[in-house]
Amino acid sequence: MCPVDLFSSEPAPAERAADLREQLNHHAHLYYTLDAPEIPDAEYDRLFRELQALEATHPELLTPDSPTQRVGGRVLDAFTPVRHAVPMLSINTETDTEPTGARNFDTRVRRALGLAEADPPVAYVAELKFDGLAMSLRYENGVLVQAATRGDGEVGEDVTNNIRTIGQIPLRLPTDAPPVLEVRGEIYMRRDDFDALNEKQRAKIAAGAKGEKTFVNPRNAAAGAVRQLDSGIAAQRPLSFFAYGLGEITPPEQGGPAFETHFDLLMQLKAWGFPVAEQTAIATGADELVAFHQRIGASRDQLPYDIDGVVYKVNSLALQRRLGFVTREPRWAVAHKYPAQEQLTTVLAIDVQVGRTGKLTPVAKLAPVFVGNVTVTNATLHNEDEARRKDVRVGDTVIVRRAGDVIPEVVAVLPEKRPEGAEVFTMPRQCPVCGSDAVREEGEVDYRCTGGLFCGAQRKEAILHFAHRRAVEVEGLGDKLVEQLVDSGVVKTLPDLYRLGFTALASLDRMADKSAQNIVAALEKSKQTTLPRFLFGLGIRHVGEATAKDLARHFGQIDRIMGATVEQLLEVNDVGPVVAQSIRTFFDQPHNREVVEQLRACGVTWEEGEPAAQAPRPLAGKTFVLTGTFPTLSRDAAKDLLEAAGAKVAGSVSKKTDYVVAGAEAGSKLEKAQSLGVAVIDEAAMLAMLQA
Ligand code: IVH
């Protein structure tokens, strides 16, 4: 027998598996916890697949701390109860969000320790209060053996399979970790992960998936993921973890570590690979607690995850022991809250607001609620699709969120609180301001009022557009003046502009006589305009300067344009169905027509012309095929000429072909024409036909 392995460079499978695990655990820590990967994802995947393959061929090598166990897959009927070796306590919550919250805690601690005013300040550790769910991670001999929820504090649930899927949680600890170590901390979901998850959920729902739902907030999404019986699903939910304390740990007498302070133990947890929030700091005395509360409060919205407060803990573990517990809460810790960013309230009405450009926006009117430090009474529902998606109805109880300076939003409806008979919201088909038709064009999310010239909401915009340099041009009629004219009620519609006299203008605030005279003159001058400028000035959606020119050239007269059917409009150069419909709808609004009439009555004029003569289309209905090289025309030029004359130019010869135009070196098309008996002509004959 030859001992081949002695000379082989291949390590034994067990050795290779251990090596792969170590590498993968190391890189997972760099990637998930330190956010500083050292190898590309593809390399990680390669190592991962190698380990998977190795474990598949050598099942005896599979260990519970193997990174391959992170992917989940096991499906349970129920979770097994777990009795916590050390109960998972809760902490006293200071709901006073003002600095007094911190000072009161410090006072209580000092009193309980019997400290006099002159005694030195107490050192605390100030931490973030993560808005997730508490978790206890048990490691035996350095291997993660169990993850349990808090439950009632005494007995939780075994969610190990799900927790193993979280990249930030070490599956194996460095060798200096004690034989028994329970790490306590918070499972949470980052906001960006939450948004992406909901986006995915929405896509699934849109694709018709049954039993899928979106999540109300990151906390709910995290809780749902942790309590997933199918760990394969849990593995797809992006969870994160922060460590903030200990449960059971091997005592110093048995070789466990002897910590003196809470801060030291957190730093040790960090060294063992657990994520510890970087904001964690030592704060000495009440003033520093207050400063921490304020500093974190100010930057709260920049954190990538939700917190609902901060937590203060007496740093010295000896002092913690002296302070002990009241009922089930430690006297040495407190949670100091921030104002809630989410609150429940009810929807009193859903109003539809019309913007300056005619866009309709549904807005939920809410029973006033104090959230994110302000009283909120309105929340935009953005548009029809968004309102439908959230299915907000009048009478509903909703979760309102306001974080930082972000505008308040309705996060979700509580369906179980919906009053009977609450009706589905529908967008109005008429503008709530002016009554004109509101339309939603294909491919757009917004409804728009089509009464641009008349609608009170669009007044300022309509006037500014009309007065624009490239429209009828009223020099000096800018933003500020329009604002003044409309707000004072002097100008309600465009024609009112031409009814403004010197006196009305001069009586406006900050309006010098000279300026008023200039405006009067500019208005007078603007009356003499052109049809394209006037048309463009009406502000019809999709009618820019070029289209206005095309329309003017094609129809010559405004009345013809106002009366044109969609089909007739479609005959205009570059006017497609959307533009044609938009023009038609605009002039279908009686108020818009009225404004045009009044403008004319006020003396706005332009030269009208005859409609551009219809180009003769002598070859309408005829189909041509071109082949070979022509004596004078290129193939493209010939095609253009034929099409301009109304003919269709096809690529191949069939029975439906009327003429084949053959030039030099005509090929198979000519033969085909001859065999089908299709008329064959030359360039000269074709040109003659075009003259006809
Ligand atoms: S310490 C004995 N620290 O808040 C002290 N808890 O009732 C045990 N929480 O659900 C808790 N951030 O999951 C502690 N930095 C932090 C925390 C924190 C969030 C949660 C915890 C528990 C609740 C406290």
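Please read all numbers here as calculations on a predicted model, not as lab measurements. Counting starts at 1 for both ligands and their atoms, following the listed order.
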Open item on the list: Less than 6.0 angstrom separating the ring centers of Y124 and F292, yes or no?
Closed with: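 No - the distance between ring centres of Y124 and F292 does not fall below the 6.0 Å cut-off.
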
Task: Check: Y188 ring centre within less than 6.0 Å of Y305 ring centre - done: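 Y188 vs Y305: aromatic centres under 6.0 Å.
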
Open item on the list: Less than 4.0 angstrom from a charged side-chain N to a carboxylate O is my criterion; do E342 and R219 meet it?
Closed with: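 R219 and E342: not salt-bridged.
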
Open item on the list: Whether K417 and D396 form a salt bridge (side-chain N of Lys/Arg under 4.0 Å from carboxylate O of Asp/Glu) is what I want to check.
Closed with: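 Answer for the salt bridge query: no.
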
- [ ] Looking only at non-hydrogen atoms, find the nearest pair between L144 and P170 and report the distance.
- [x]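 For L144 versus P170, the nearest heavy atoms are CB-O, 4.1 Å.
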
Open item on the list: Please find the pair of heavy atoms, one from V392 and one from F425, that lie closest to each other, and give the distance.
Closed with: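 Heavy atoms of V392 and F425 come nearest at O-CB, 3.8 Å.
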
Show me the short polar-atom pairs for ligand 1: any N or O of it lying under 3.5 Å from a protein N or O, with distances only.
unit_1   : atom_1 : unit_2 : atom_2 : d
ligand 1 : 3 (N)  : K313   : NZ     : 3.0
ligand 1 : 4 (O)  : K129   : NZ     : 3.3
ligand 1 : 7 (O)  : I91    : N      : 3.0
ligand 1 : 12 (N) : F130   : N      : 3.1
ligand 1 : 13 (O) : E186   : OE1    : 2.3
ligand 1 : 13 (O) : Y244   : OH     : 2.7
ligand 1 : 15 (N) : E127   : OE1    : 2.8
ligand 1 : 15 (N) : L128   : O      : 2.9

